[in-house]
Amino acid sequence: MTTPEAEKPKTAEATPAAVFVRPEIMTKRSDFLAAAQGRRMALAGFHLQARFRDDGSDAVRVGFTCSKKVGNAVARNRAKRRLREIARLVLPTCARPGWDYVLVGRRDATAAADFAQMQSDLKAALGKIHK
RNA sequence: GCGGAUGGCUGGAUGACCGCGGGCCCUUCGGGGCGCGAGGAAAGUCCGGACUCCAAGAAGGCAAGGGUGCCGGGUAACGCCCGGCGGGGGCAACCCCAGGGAAAGCGCCACAGAGAUCAGACGGCCGUGCUUGCACGGUCACGGUGAAAAGGUGGGGUAAGAGCCCACCGCGGGACUGGUAACAGGACCGGCAAGGCAAGCCCCACCCGGAGCAAUGCCGAAUAGGGGCCUCGCGCGGGCGUGAUCGGAGCGGCAACGCGCCCGAUAUCCCCGCAAGGACGCCUGAACCCGAGAGGCCCGGGUUGGCAGCUGGAGGCGCGGUGGUAACAUCGCGCCUAGACGAAUGGUCAUCCAAGGGGGCAACCCCGGGACAGAAUCCGGCUUACAGGCCAUCCGCGCAA
């Protein structure tokens, strides 16, 4: 399952902290609760929560939260899919090993925000939250 | 053409790049290829089932509780569907109805009014008496109140009136006729009986055991470090004597409860050469597991992971035939269409298409943007939400012929 997608690292040297590993998907409720106790940052299209697990593992894990506050089932699914897509595009180059990240959807904003803007927001936010 | 009624369909299209979840095939285990992947409501979880477990021999009866409620048919079943009946609405097509019982019983019916279910005499009318405007009696044709005042119209009749009598209408009963039935018609009889609410309780008929896929089965993990008492076996094995049972004090345990050095009391005598410690194994057998034979009760503690169930079914769809007014049944041929579990079915971009807005005589141009909504064991229904578009049949009006 953990398949290193290390093909053609064009910009790998520019960000030494990057890991070219597909993030694992978090499924345990306790992991989500722990991440919510970590660092958090609010952005236009979503919220970002992050936590350094400090358990010796280098794995990067990511989870998505879209509660009923986001809307009905259709709205929640759409928000989660867009979050999943920007995570898929951004995390392999900007995540740090050993960290958990949780992206939280916001009502209307997550579905309506500009997709390119959300990608760059996530990159910038990851840079800040690691400090 | 305008307005309306009913039934049904659709509910963005194409392409590019990057992805996701199952399946099948190949693999040098890095991966690669092929194909499939949301809805008419997937929704609400309101009914009915399939399936699984539990309980109870099967099945039935009774009680409680719940549901259904014109008749006939359809269906696996239904509170669903179809066809009728009755009542109501509409010019009509057509639509709506919680539509059993009010002579089993209880309860309720405000206000107004003289009187509201044992009906009733306020005014008025009539009679008698006298103190000439009052008393007693008769009367509901008239007035007034009300949703409703013991049917309506006309005539006779009377002191005045009244189904008091008569005709017609209405009402009640009803032989008989038609219909499977609901029901419809109705000779004839009765001067005419007392209302409504059963979505207030209730009565009657019929239906319903409980829990649900987090069902259920298998395998792990974890806690504990092998908890206690009572009852009952089978095979192998073979029988404890410093023993057994009861009581006391004592000791142990969070507890349920246990232990047996010591003391006292009581009854009994099976087996035995040794191994011998009452250990081990098997059968039967769980409503989560530890739990190790089974069952019951109690004490303490622990898990929420994997696989199966999981999608082929009272199947669906298309075409055609047969029976039926129809729902539907049945036959033939062909095709097969999601199975996830923090839960895939997507992200971005481009070009079109329809609704909407603006400009223009027009062709056309610009803006703009996609209804309700996301499977979770599976079916049959119902209900609710839904931008816009399309089709068929029918009705009314108008115009033309």
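The structure displayed is predicted, hence computed values, not measured ones. A, B, ... follow the sequence lines: proteins, then strands. Residue 1 opens every chain.
- In this structure, B:C53 and B:G210 make a Watson-Crick or G-U wobble pair, each of the two defining distances being under 3.5 angstrom.
- With hydrogens and angles ignored, the 3.5 Å screen pairs a side-chain donor or acceptor of A:R106 with a backbone N or O of A:L43.
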What are the atom names and distances for every N/O pair under 3.5 Å that joins the protein to nucleotides 347-350 of chain B?
unit_1	atom_1	unit_2	atom_2	d
B:G347	OP1	A:R78	NH1	2.4
B:U348	OP1	A:R82	NE	3.0
B:U348	OP1	A:R82	NH2	2.6

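- Across all strands shown, B:A181 remains unpaired; no Watson-Crick or G-U wobble contact has both distances below 3.5 Å.
- Salt bridge status for A:E85 with A:R82: absent, with no side-chain N to carboxylate O gap under 4.0 Å.
- A straight line from NZ of A:K80 to C1' of B:U345 spans 14 Å, rounded to a whole angstrom.
- To the nearest whole angstrom, the two C1' atoms, one in B:A50 and one in B:C206, are 24 Å apart.
- The interatomic distance linking A:L83 (CG) with B:G342 (P) rounds to 18 Å, in whole Å.
- Remark: B:G69 base-pairs with B:C204. Criterion, Watson-Crick or G-U wobble with two distances under 3.5 Å.
- Rounded to a whole Å, the CG atom of A:N77 is 13 Å from the C1' atom of B:C20.
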What's touching nucleotides 12-14 of chain B from the protein side, N or O pairs under 3.5 Å?
none

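- One can place CZ of A:R61 at 12 Å from C1' of B:G342, the figure rounded to the nearest angstrom.
- In terms of the side-chain hydrogen bond (donor to acceptor under 3.5 Å, both in side chains) criterion, A:Q49 has no residue partners (sequence neighbours excluded).
- Base pairing of B:A287 is not made with any nucleotide, judged by Watson-Crick or G-U wobble geometry with both donor-acceptor distances under 3.5 Å.
- The main-chain N or O of A:L126 is found under 3.5 Å from a side-chain atom of A:H130 such that the two form a donor-acceptor pair.
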